[in-house]
Amino acid sequence: MNVSEALKTRVSANAFDTKAQLSTEQITELVELASEAPSSFNTQNWHVIAITDPEVRKKIRAAAWDQAKVTDSAVLFAVLGSTKVVNKLSESMELATSAGVVNNEIKDWFETNAAKFYDDQPQLCRDEALRSSSYLAMSLMLAGQEKGYGSGPMIGFDSSEVEKILKVPEHFVVSVLISMGPLATEGNWNRKPRRKNIISFNTY
Ligand SMILES: Cc1cc2nc3c(=O)[nH]c(=O)nc-3n(C[C@H](O)[C@H](O)[C@H](O)COP(=O)(O)O)c2cc1C
């Protein structure tokens, strides 16, 4: 499946095969593919919690409008973005220098300028937590699509309750929950057509 096909076949699924399971390796591969997503200054200011424990999922479902897909899919992902945007930047850049992709001068430039850009900017930091993790979230759904899994993104949940259940550190925001796995044979909608008039050139 190429990217165009993945984009054109993905739907937000509601009905999952409740018997299906994904192995730790399969789940890990999906998250690793998703982490190929870009992030501001290469901060990679994200984290993914893969939730497979039925008891935990029951609790999340109660905090997520009782949406059946929270418990019914093979795996439930919580995609988190960090508001301490530059916290892990040196680690991310270290990987890039070790791989010979950038030199130390560029590494220093990224680290210095990212730190300046986000310093004392709580709104921008929160925006960045949501923005970069959203790129990861969409990448995760496309990776799943290629593997033949359906996905269902959700913002219909009580975030403070979900953060408590998942023991999310204070500087993370739960960007989105995503149910993923093989779909049920019935119960899902077809693709919803898209509006076409969303583009203008050069100015609004
Ligand atoms: C950020 C975000 C949050 C969403 N939250 C929910 C949700 O809580 N429950 C749900 O059933 N669908 C949710 N959706 C799915 C949307 O309703 C769906 O993407 C939209 O209707 C378009 O349908 P499609 O994805 O099948 O093309 C969400 C989608 C996004 C991108």
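Just follow the structure's listing: the first ligand is 1, and inside any ligand the first atom is 1.
In this structure, the salt bridge (charged side-chain N to carboxylate O under 4.0 Å, His left out) partners of Arg131, at least two apart in sequence or on a different chain, are Glu128.
With hydrogens and angles left out, the side-chain atoms of Gln121 and Asp119 include no donor and acceptor closer than 3.5 Å. Judged by distance alone, the side chains of Ser35 and Gln44 never bring a donor and an acceptor atom under 3.5 Å apart. With 3.5 Å as the limit, one finds no donor-acceptor pair spanning the side chains of Ser200 and Asn202. Side-chain atoms of Ser133 and Ser175 include a donor-acceptor pair closer than 3.5 Å.
When Arg194, Arg10, Met138, Met154 are ranked by how near their heavy atoms come to atom 7 (C) of ligand 1, first place goes to Met154. Distances from atom 14 (N) of ligand 1 to the heavy atoms of Pro153, Ala64, Gly150 put Pro153 nearest.
Contact of the Val176 side chain with the Met138 side chain is not registered, since no non-hydrogen atoms from C-beta on lie closer than 4.5 Å. In this structure the side chain of Thr97 never reaches within 4.5 angstrom of the side chain of Asn103, judged on heavy atoms.
When distances from atom 11 (O) of ligand 1 to the protein are checked, a heavy atom turns up under 4.0 Å.
Taking every heavy atom of Val11 and a limit of under 4.0 angstrom, the matching atoms of ligand 1 come to 26 (O). Within the listing of ligand 1, atoms 11 (O) sit less than 4.0 angstrom from a heavy atom of Asn14.
Atom 16 (C) of ligand 1 has as its closest protein heavy atom Ser12 OG, 4.1 Å. When hydrogens are left out, the protein atom nearest atom 9 (N) of ligand 1 is Gln67 OE1, 2.8 Å; that is the closest non-hydrogen contact. For atom 5 (N) of ligand 1, the closest heavy atom belonging to the protein is Ile155 N, 2.9 Å. Regarding atom 17 (O) of ligand 1, its nearest protein heavy-atom neighbour is Lys192 NZ, 4.7 Å. Of all protein heavy atoms, the one closest to atom 8 (O) of ligand 1 is Gly156 N, 2.9 Å.
By the rule that hydrophobic residues join a cluster once side-chain heavy atoms approach within less than 4.5 Å of another member, Val48 and Leu80 end up as members of separate clusters.
Distances from ligand 1 to the non-hydrogen atoms of Leu177 include no value under 4.0 Å.
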